[in-house]
Amino acid sequence: MRLLFPTLVLVLCDSALIRPTSNGGTHFVLEDVHKALDALENLLKYFDANRGSLIVDSMWGIRMIQGGLEDTLQKVPQDAELERIFSRITRISSYAREVAERGIFYAKRNAAVQFNKFAELLTKPFIYQNLLSGNTGRVDLGLVFGEDSKLNIEPKDSDDCLMGTIGSGHYQGSKCTITEKCWNQITDKGQREYSITHQLLFFFLIKHYNCSEAIVPMGGQRTVAKMAQVFCTNIFSEMEAIFERGVDPGVDQDLVMEQVTFCGGAGFIDDFVRPGVLEMMLDWQRQDGCYAPYDGSHLVDALALYNSKRAKARADNRARLLRNIGGVMNAENKFMMRKPLSEAELRDGCMMHMSAVAGGALTIYVRAVLHHRLYAPSPLHTSPLYHSPLRLDSCLLLVILSMTLLVLVRLCSPRLRCAKRVLGMLSRRNMQCQLV
């Protein structure tokens, strides 16, 4: 009993630290999952209310939400702790299906040619399947490209490769048609930004449509895993550079969320599924649920959570922003992205492609945090110790002080009452320990 209190303090200090999980990531709390689900539900409500303006990319975003949440329900073991979360996921995934069914007519009406090209992707739930044989991976900065590729992948050629993989358009009924030219484009090293994320997209499609046999002559699954690491390493490098210089409203937001969706979905959890990035994405969402270029004053604080010390918010006007990054304006002076699959800005300023990739990224967060148990266990995330501002040395000092007081209690019985009061003060909830 003499050492019970100091031992208890030491245990609490130890458990209060934000520790890496078994795979090196940082703990979330279940409240983060609820916040992501709130954001997904609000986004779906926006898509539903504005279904007449849906485009191909927004429809695919809805299918990503539906597929990702359904996959979470199937693969994550359910327990009492997650009962409320799984109830919400069930309801939101069903709502996503309903929104897709109500909106698909309008997506086809608004972009008939593109819809027909990619109809196979838009009529069913889509799941980003792990590209690392079910494992989690880490980026390797030794794989960062030394120079840019000289290969210019034309959108027409990229679309043709995509249609051949999924069996749509003029490849209708003939899935897994992957020519040598397409494979060379898919695996070309030195691409940047949207070009490299779209290369990674092909690997997801190859896995989603069971095209493994078609790529056996090119190296099969082993090549896919290797190239996924190469691509996600370079995507990570680009993302870090964005955070270092500060996120430009609009274009960088869209690209970052696409990067998180693809590489987080591929299995690079520790490098892309991080609390600070989730905080950013939640901040970027408008109250009506959609996503649009954001230059809020608290952007710096959100970036600081990602350990980007030099990040700063930029409030450039749109025309200047687009000149700097190579964007274009359409005839109505509307904001257009650099190279997403397609983009449309609604009258209220909502960006359809950006909102779609936001849905994908948020879904990846929900699935990854639950599937890889990146959240703190119940005793931790419900305890005020978890959010303590004190450092580890304060915890050690607390242990030493408590032991000293116990000695005083032993030697000075007349002062027992006073010592007990001090011990009571030390054990109050405001004495919290956390490694910061």
Side-chain angles (χ1 to χ4, degrees), residues 20-25 64 67-68 71-72 74-76 121 126-146 149 151 153 158 161-162 164-166 175-240 258-274 360-361 363-365 367-369 371-374:
T21 59
S22 58
N23 60 2
M64 284 191 288
D71 186 58
T72 301
Q74 293 176 4
K75 293 183 178 178
V76 177
L121 285 172
F126 186 84
I127 301 170
Y128 282 98
Q129 299 185 51
N130 184 291
L131 299 180
L132 308 175
S133 300
N135 300 313
T136 58
R138 295 303 302 267
V139 300
D140 179 0
L141 295 182
L143 299 175
V144 173
F145 300 140
S149 172
L151 176 63
I153 302 177
S158 179
C161 292
L162 194 153
T165 304
I166 67 177
K175 296 178 182 178
C176 304
T177 303
I178 304 173
T179 65
E180 183 177 354
K181 178 181 178 180
C182 287
W183 185 253
N184 290 337
Q185 291 180 0
I186 295 169
T187 57
D188 181 56
K189 297 181 180 179
Q191 298 291 331
R192 301 291 180 185
E193 298 176 344
Y194 289 103
S195 293
I196 191 172
T197 56
H198 291 174
Q199 284 179 301
L200 195 59
L201 172 61
F202 279 100
F203 292 126
F204 285 111
L205 297 177
I206 288 170
K207 184 139 188 174
H208 186 78
Y209 289 101
N210 299 314
C211 298
S212 298
E213 291 186 8
I215 63 171
V216 168
M218 298 90 155
Q221 176 58 37
R222 186 174 181 181
T223 298
V224 170
K226 181 179 179 181
M227 292 306 302
Q229 186 183 34
V230 170
F231 289 157
C232 283
T233 291
N234 285 274
I235 289 171
F236 177 80
S237 179
E238 289 183 0
M239 187 173 71
E240 287 284 275
E258 186 161 309
Q259 291 169 335
V260 169
T261 301
F262 288 3
C263 287
F268 296 90
I269 304 300
D270 295 323
D271 299 305
F272 289 88
V273 179
R274 302 170 69 168
T363 304
I364 291 297
Y365 265 78
R367 188 180 72 175
V369 171
H371 186 249
H372 297 281
R373 298 192 73 86
L374 302 182

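Note that this is a predicted model, so its numbers are computed, not measured.
- Taking CD1 from I166 and NZ from K175, the interatomic distance works out to 9.0 Å, rounded to the nearest 0.5 Å.
- Proximity of a side-chain donor or acceptor of N184 to a complementary backbone N or O of E180 within less than 3.5 Å is detected.
- What you find for I269 and A368 is that their closest heavy atoms are CD1-CB, 3.9 Å.
- Inter-residue side-chain proximity for F236 and C263 is flagged as unmet; no heavy-atom pair is nearer than 4.5 Å.
- Here the CD1-SG distance, from I153 to C161, works out to 8.5 Å after rounding to the nearest 0.5 Å.
- Contact detail for I178 and C211: the closest heavy-atom pair is CD1-CB, 4.4 Å.
- Atom CZ of residue F268 and atom OG1 of residue T233 lie 6.5 Å apart, to the nearest 0.5 angstrom.
- Contact detail for L132 and A225: the closest heavy-atom pair is CD2-O, 4.0 Å.
- For Q191 (side chain) and L151 (main-chain N/O), a donor-acceptor pair under 3.5 Å exists by modelled atom type.
- Taking CD1 of I196 as the start and OG of S149 as the end, the distance is 10.0 Å to the nearest 0.5 Å.
- To the nearest 0.5 angstrom, K181 atom NZ is 12.5 Å from I186 atom CD1.
- A donor-acceptor pair under 3.5 Å links the side-chain atoms of Q229 to the main chain of R138, judged by distance alone.
- Between T187 and F203 there is a side-chain heavy-atom pair separated by less than 4.5 Å.
- Applying the side-chain hydrogen bond (donor to acceptor under 3.5 Å, both in side chains) definition to pairs two or more places apart or across chains, none involves residues 199-214.
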Derivation and outcome, side chain to side chain contact (heavy atoms under 4.5 Å, CB included), residues I235 and V139: CA-CA 9 Å; I235 289 171; V139 300; over 6 Å; no
Between F272 and M239, is a side chain to side chain contact (heavy atoms under 4.5 Å, CB included) present by the stated rule, with each step listed? CA-CA 9 Å; F272 289 88; M239 187 173 71; 3.7 Å; yes
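- Note: F126 and Y128 have perpendicular aromatic rings, judged against thresholds of 30 and 60 degrees for the angle between ring planes.
- The backbone N or O of L143 sits less than 3.5 Å from a side-chain atom of N234, completing a donor-acceptor pair.
- Using bins of under 30°, 30° to 60° and over 60° for the plane-to-plane angle, the ring pair F262/H198 lands in the tilted bin.
- Checked by atom type and distance alone, the side chain of Y365 never pairs as donor or acceptor with a backbone atom of T261 at under 3.5 Å.
- Between D271 and G137, the shortest heavy-atom distance links the atoms OD2-O, 4.2 Å.
- Here CD1 of I215 is found 7.0 Å from OG1 of T223. Values are rounded to the nearest 0.5 Å.
- Not a single donor-acceptor pair under 3.5 Å links the side chain of D71 to the backbone N or O of I127.
- The two residues N130 and G267 make their nearest non-hydrogen contact at ND2-CA, 3.6 Å.
- Ring planes of F145 and F231: perpendicular class, angle over 60° (limits at 30 and 60°).
- Taking each heavy atom of C176 and A214 in turn, the nearest pair found is O-CB, 3.6 Å.
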